[in-house]
Amino acid sequence: MLRIERIEPYPLFYRIPKPYGDANGIKAYRTSYLIRVITSEGIEGWGESSDYLPVLHLGFQERIIPYLIGKPFSERKTLLRTIHRWHPRAAAALSMAFTEIEAVRSGVSICELWGGCFHQRVPVYASFQSYSEEEDWQQRSLRAVEQAVSEGFSRLKLKIGGKSIAEDQRHINRVQGLLEQTACLALDANESYDAAAALEWNALFAAWPNMMWLEEPIPMHQVNELALLRRRMSIPIGGGEHLRAAADFIPLLTQQALDIITPDPAHLNSIEEYQHALRLARDFGLRASPHAFDGALARLYALFAQACLEPWNKMEPAQIEPVEWDMMDNPFNRLIPLSPSGGEITLPQGPGIGAAIDREILEHYRWDGRSY
Ligand code: MG
């Protein structure tokens with residue numbers, strides 16, 4: 001009988017020399033938490049979780065790993081249900097690892113395990129944390145945007161909501177001048193406005209034909225206000241990166257509060273739950289553009305799921321919504337050797353995730369266990 005033999009945790013930490021951020025504040029560090037699950041047959045699967053490292057690490061070491069060692073792989077659903085009660089984001093990582101083990105055992109890729117893909121390439125959008133502590137943050141942001149466009153990105157997302165509306169509008173106006181409508185733009189307010197403040201952007205949005213969406217302009221639990229805003233706003237409204245269960249999207253969908261859902265595979269309870277959220281969006285006739293800022297492996301799963309997602313548009317069946325691509329200083333972006341070309345990712349083809357995790361990065365950035 002196939003059993004779970006070993007689980008290796010890899011807590012990773014990087015202190016950012018030049019901090020950056022969004023409307024939630026400036027980030028001083030980035031982290032990642034990878035796990036490698038090895039079975040009695042020697043098959044391995046990787047998973048990734050995103051949370052406060054001390055809590056995740058203690059949870060895995062003291063409780064989750066001892067509980068799982070020796071358990072039959074065939075009981076993984078029951079096991080995940082238990083872990084989910086303890087730590088939902090740990091369960092998300094384990095669900096990825098179990099999925100990869102299943103695929104490798106069958107000698108197929110994740111996409112093949114899921115029934116095959118509609119798309120071999122998936123577009124990504126360049127995602128920026130526009131704010132920094134420097135006086136010339138706007139200048140720095142413009143240079144980063146220019147660089148991304150020169151690298152072939154045709155879709156970008158910038159932050160708003162962390163400065164006054166006037167200052168943010170000056171910044172975005174300058175960005176738009178630079179893009180000259182050759183690239184599409186999304187703006188993310190990280191829930192920092194109320195509906196009236198969000199509507200102060202509407203005249204600009206109406207004048208800009210390259211807007212993809214406005215993300216989380218107001219708190220996502222204010223469903224009525226979001227629905228009102230969606231009816232009045234001249235561009236699509238996106239959101240939902242922090243939701244944990246597919247069912248959490250139901251109020252937003254039934255009350256017509258969103259045009260685009262932005263679920264995150266590391267934040268939902270499992271990779272199956274994540275795919276459930278994507279299917280819900282399609283059932284409601286909506287788009288899904290994954291949030292994937294908290295880890296390269298979770299992002300790869302978002303890319304796989306996007307490749308296997310039915311097109312939203314019958315007229316252009318090759319079209320699929322873009323996945324977020326972290327453009328900021330973050331070594332964990334390189335944990336998996338994948339980089340966009342022409343704003344698209346060609347999916348790896350081999351069994352499992354079809355790519356090797358960079359062991360040097362795992363060693364170099366291993367968290368020393370001190371709090372931060
Ligand atoms: Mg966001």
Side-chain angles (χ1 to χ4, degrees), residues 19-27 30-32 50-51 89 92 123-132 141 144-145 148 153 155-163 165 168 171-172 175 184-195 197-198 201 205 211-223 225-226 229-230 233 235-246 248-249 252-253 257-268 274 277-278 281 286-296 298-299 301-303 305-306 321-328 330 332-333:
Y20 50 77
D22 56 21
N24 292 323
I26 297 291
K27 293 175 172 62
R30 298 294 295 268
T31 65
S32 169
S50 153
D51 211 336
R89 288 191 175 188
V124 289
Y125 66 83
S127 183
F128 298 94
Q129 301 260 308
S130 308
Y131 302 123
S132 56
S141 163
V145 164
F153 285 97
R155 300 173 176 88
L156 300 92
K157 185 172 91 182
L158 273 75
K159 296 295 186 179
I160 58 171
K163 304 278 182 189
I165 292 176
D168 276 341
H171 171 224
I172 302 302
V175 169
C184 297
L185 184 64
L187 296 177
D188 186 356
N190 291 89
E191 305 186 310
S192 58
Y193 293 143
D194 63 7
W201 284 87
F205 292 158
M211 292 302 301
M212 294 192 289
W213 68 81
L214 172 64
E215 186 167 313
E216 304 200 330
I218 66 173
M220 294 302 286
H221 66 271
Q222 295 172 357
V223 182
E225 283 299 287
L226 263 175
L229 202 53
R230 185 188 174 206
M233 200 52 99
I235 62 168
I237 305 272
E241 68 195 49
H242 288 301
L243 302 190
R244 291 167 158 208
D248 294 343
F249 282 96
L252 290 157
L253 300 177
L258 289 178
D259 295 276
I260 300 170
I261 69 163
T262 59
D264 187 315
H267 299 175
L268 279 142
Y274 173 76
L278 298 182
L286 298 180
R287 300 186 202 178
S289 198
H291 179 269
F293 202 73
D294 288 331
R299 177 177 64 198
Y301 272 90
L303 288 161
Q306 209 70 357
E321 302 92 314
V323 172
E324 181 168 33
W325 193 268
D326 179 355
M327 297 297 283
M328 305 309 292
N330 176 10
F332 311 133
N333 264 324

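As the structure is a prediction and not an experimental result, all values here were calculated from the model. Residue numbers count from 1 along this sequence. Each ligand, and each atom within it, is numbered from 1 in the order the structure gives.
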When you compare the side chain of Met212 with that of Ile260, does any pair of heavy atoms fall below 4.5 Å?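 Not in contact.
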Any chance you could measure Ser130, atom OG, to Lys163, atom NZ, to the nearest 0.5 Å?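 Rounded to the nearest 0.5 Å, the OG-NZ separation comes to 10.5 Å.
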As a test of reading the structure, name the N/O/S atom of Asp188 that is nearest the Mg ion (ligand 1).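 So the atom name we want here is OD2.
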To make sure I understand the geometry: which N, O or S atom in Glu241 is closest to the Mg ion (ligand 1)?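 Going by distance to the Mg ion (ligand 1), the closest N, O or S atom in Glu241 is OE1.
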If we ignore hydrogens and angles and just use 3.5 Å, is the side chain of Gln129 paired with the main-chain N or O of Asp326 as donor and acceptor?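 Checking the backbone N and O of Asp326 against the side chain of Gln129, no donor-acceptor pair under 3.5 Å is found.
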Taking 2.8 Å as the cut-off, does an N/O/S atom of Glu215 lie below it from the Mg ion (ligand 1)?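 Glu215 does place an N, O or S atom closer than 2.8 Å to the Mg ion (ligand 1).
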Near the Mg ion (ligand 1), is there an N/O/S atom from Glu216 that is less than 2.8 Å away?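 Coordinating: no.
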What I want to find out is whether Lys27 reaches Asp22 closely enough, with some N-O distance under 4.0 Å, to be called a salt bridge.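 Yes, Lys27 and Asp22 are salt-bridged.
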